[in-house]
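Shown next, in structure tokens, is the structure this report addresses.
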Amino acid sequence: MPNLIDIAQRLAEQPAVALLHEERCLPERDLGSSCARCAEACPVDAIAVGTTRGDDDASATAYGSVTKDGPTGPRIDDEACVHCGRCITACPTAALLAIAPLDDDALLDASAQAGAAARAALPLAPRGNDGDLQAPTAAQGRGVRGGAPQGGTPPAAGARGEAAASAAGSSCGGFVCERAVRGGARIDAERTVTLPCLGWVDEALIVHMACAGAQRIALLTAPCASCEHAAAVDALPQAADAAQRILDTWQLDAVVSIVDAVDDVAAPDDEDAAGEVSRRGLFSQARSALVEAATDAASAQIDALAGRRAADAPAPEPDRRRWQLLDDLHAAGLPSGDAVVPRALAPRVDIDAERCSGCALCAGFCPTQALRKAGKAAGGRTLLEFDAALCRDCGTCTDTCRYEAISREETLTVSELFALEPRAIVIPKRRVLPSRR
């Protein structure tokens with residue numbers, strides 16, 4: 001039987017960060033795929049995709065988070081991994097699934113709790129001359145959108161941050177890294193989510209915090225300037241902009257800002273700061289995960305010695321954050337006028353029948369089944385379906401097509417995104433065409 005103390009100690013020092021959903025991993029599905037976004041996003045070169053490290057080196061390296069025996073797919077070196085979460089948010093198909101204590105459910109719950117706490121901390125509005133409470137003004141309640149013309153170009157993230165920092169009468173929650181907490185910053189533990197790195201943050205977590213009640217969401221990047229792994233947050237401005245566009249499209253009164261000071265999420269002088277609270281919470285979650293992991297390992301070993309076959313593990317759940325994002329937006333109410341949704345949610349996928357050869361490889365290689373075969377149409381043509389809610393805009397369909405017949409554009413409408421039935425696309429009967437590539 002394995003030494004449970006050794007197992008727990010190894011997991012404590014080098015805990016796994018992710019599991020691989022092989023059916024969604026592009027290199028796993030297609031040996032010709034060149035996707036290596038997880039490895040490209042990793043700030044410490046802890047991920048190998050295919051044979052990028054060389055066959056001998058790759059086979060000799062102890063990859064624990066994603067164990068691969070073959071040459072395809074990603075492998076994560078647990079010893080080098082710094083748990084920044086960037087590989088998970090960078091994966092275009094949600095093939096890397098975070099595991100406890102930083103799994104999607106835990107992060108979504110923490111975001112919702114911080115958003116609710118921010119709403120609860122909203123100061124009472126000032127009383128008017130008649131003694132009644134006054135509602136916040138439009139500028140106070142809506143941040144920078146209150147002062148910008150409707151339909152105009154939204155301000156950049158930096159401008160939003162400056163305006164949001166000066167807005168009064170709005171609730172603020174945020175995300176901070178553990179480095180900021182260790183640095184002694186007095187951060188309000190109730191209104192913030194403390195993470196190993198802000199590389200874990202994407203538009204789904206930001207919007208979830210906003211829908212829970214936060215009118216301003218601050219992303220504290222002050223520690224990043226001196227962090228050796230600062231490359232992990234290179235995409236944070238894009239995530240903030242994507243979240244802001246979604247919030248603006250749904251006309252939700254929330255502003256996302258990247259800040260370099262803790263003022264917005266600082267703990268009041270008469271309350272405990274987030275330091276010890278957040279660290280105790282993280283360590284408590286980690287200990288629970290270690291106990292469970294050690295128990296599972298012991299049970300599996302006992303079953304093996306007894307000749308019993310372990311029960312199949314439950315299927316992993318990709319797109320957990322995405323489904324929550326769509327649920328949040330549906331619950332918030334669909335915007336009027338059937339607006340075009342931001343590309344971060346989904347594009348419109350169209351197929352030019354004049355250029356299409358009818359091979360349907362685009363549907364066959366789609367890792368999320370957003371584009372799929374649905375049967376035959378009249379004249380021997382093929383019927384495809386496109387389900388926008390499943391689309392991750394990974395580009396597999398356009399990369400697969402040799403005839404440049406597929407387009408992905410930011411023209412999808414809200415009603416199409418939330419349609420109960422997928423959109424039908426009829427492509428020609430299989431034929432030979434000159435390749436355009």
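These figures come from a predicted structure and were not determined experimentally. Numbers for residues simply follow the sequence, beginning at 1.
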Nearest heavy-atom neighbours spanning Val341 and Thr413: CG1-C, 4.0 Å
Identify the heavy atoms of Glu190 and Ala117 that sit nearest to each other, and give their distance. O-CB, 3.3 Å
Check whether any side-chain heavy atom of Leu205 lies under 4.5 Å from a side-chain heavy atom of Arg321, and answer yes or no. yes
Go through Leu102 and Val17 one step at a time and tell me if the side chain to side chain contact (heavy atoms under 4.5 Å, CB included) criterion holds. CA-CA 8 Å; Leu102 293 166; Val17 66; 5.9 Å; no
List the atom pairs, donor and acceptor, that lie under 3.5 Å between side-chain atoms in residues 219-231 and the rest of the protein, sequence neighbours left out.
unit_1: Thr221; atom_1: OG1; unit_2: Val259; atom_2: O; d: 3.4
unit_1: Ser226; atom_1: OG; unit_2: Arg179; atom_2: NH1; d: 3.2
unit_1: Ser226; atom_1: OG; unit_2: Arg179; atom_2: NH2; d: 3.4

Separation between CG of Asp241 and CD1 of Ile258, rounded to the nearest 0.5 Å: 7.5 Å
Tell me, with the steps shown, if Leu384 and Cys362 meet side chain to side chain contact (heavy atoms under 4.5 Å, CB included). CA-CA 10 Å; Leu384 305 183; Cys362 54; 4.2 Å; yes
Kindly determine whether Gln244 and Val255 satisfy side chain to side chain contact (heavy atoms under 4.5 Å, CB included), including the steps that lead there. CA-CA 7 Å; Gln244 188 66 61; Val255 175; 4.0 Å; yes
What distance do Ile351 atom CD1 and Ser407 atom OG have between them, rounded to the nearest 0.5 Å? 9.0 Å
Any side-chain heavy atom of Glu28 sitting closer than 4.5 Å to one from Leu20? yes
Over all heavy atoms of both residues, which pair between Ala180 and Ile187 is shortest? Give the atoms and the distance, please. CB-CD1, 4.2 Å
Residue pair Gln324 / Asp328, side-chain donor-acceptor N/O under 3.5 Å: yes
Nearest 0.5 Å, please: how far is OG in Ser33 from CG in Asp399? 8.0 Å
For Arg372, side-chain hydrogen bond (donor to acceptor under 3.5 Å, both in side chains) partners two or more places apart: Glu385
Can you find a pair of side-chain heavy atoms, one from Leu412 and one from Leu345, that are under 4.5 Å apart? no
Less than 4.5 Å apart, any side-chain heavy atom of Gln215 and any of Arg119? yes
Please examine the side chains of Phe365 and Leu26, heavy atoms only from C-beta on, and report whether any two atoms are closer than 4.5 Å. no
Let me have the donor-acceptor pairs involving side chains of residues 87-94, under 3.5 Å, with sequence neighbours excluded, atom names and distances please.
unit_1: Thr89; atom_1: OG1; unit_2: Arg86; atom_2: O; d: 3.2
unit_1: Thr89; atom_1: OG1; unit_2: Arg86; atom_2: NH1; d: 2.9
unit_1: Thr89; atom_1: OG1; unit_2: Gly199; atom_2: O; d: 3.0
unit_1: Thr93; atom_1: OG1; unit_2: Arg24; atom_2: O; d: 2.8

Are the side chain of Arg29 and the backbone N or O of Glu23 linked by a donor-acceptor pair below 3.5 Å? yes
For Ala110, side-chain contact (heavy atoms from CB on, under 4.5 Å) partners two or more places apart: Val193
At their closest point, which heavy atom of Glu416 faces which heavy atom of Arg348, and how far apart are they? OE1-NH2, 2.8 Å
Measure from the side-chain N and O atoms of Thr368 to the backbone N and O of Leu390, and report whether any donor-acceptor pair falls under 3.5 Å. yes
Heavy-atom side-chain contact between Arg423 and Asp350 under 4.5 Å: yes
Only counting residues at least two apart or in another chain, list the ones meeting side-chain contact (heavy atoms from CB on, under 4.5 Å) with Cys197. Cys84, Ala232, Val233
Under a 4.5 Å cut-off applied to non-hydrogen side-chain atoms, are Val49 and Pro74 in contact? yes
Identify the two heavy atoms, one from Cys401 and one from Ala405, that lie closest to each other, and give their separation to 0.1 Å. SG-N, 3.4 Å
Please check this pair: side chain of Asp319 against backbone of Arg322, looking for a donor-acceptor N/O pair closer than 3.5 Å. no
Closest heavy-atom pair and its distance - Cys394, Arg37: O-NH2, 3.1 Å
CG/Leu371 to CG/Leu361 distance, rounded to the nearest 0.5 angstrom? 11.0 Å
Please determine whether side chain to side chain contact (heavy atoms under 4.5 Å, CB included) holds for the pair Asp30 and Thr400, giving the CA-CA distance in whole Å, both sets of side-chain angles, and the decisive distance to 0.1 Å. CA-CA 10 Å; Asp30 178 12; Thr400 301; 5.7 Å; no
Do the side chains of Phe175 and Ile206 get nearer than 4.5 Å, heavy atoms only? yes
First locate atom CD1 of Ile246, then atom CG of Leu325, and finally report the distance between them rounded to the nearest 0.5 Å. 5.0 Å
Return the set of residues passing side-chain contact (heavy atoms from CB on, under 4.5 Å) with Ala332 (not counting sequence neighbours), or none when no residue passes. Trp250, Leu252
Hey, could you give me the CG/SG distance between Asp327 and Cys211, rounded to the nearest 0.5 Å? 10.5 Å
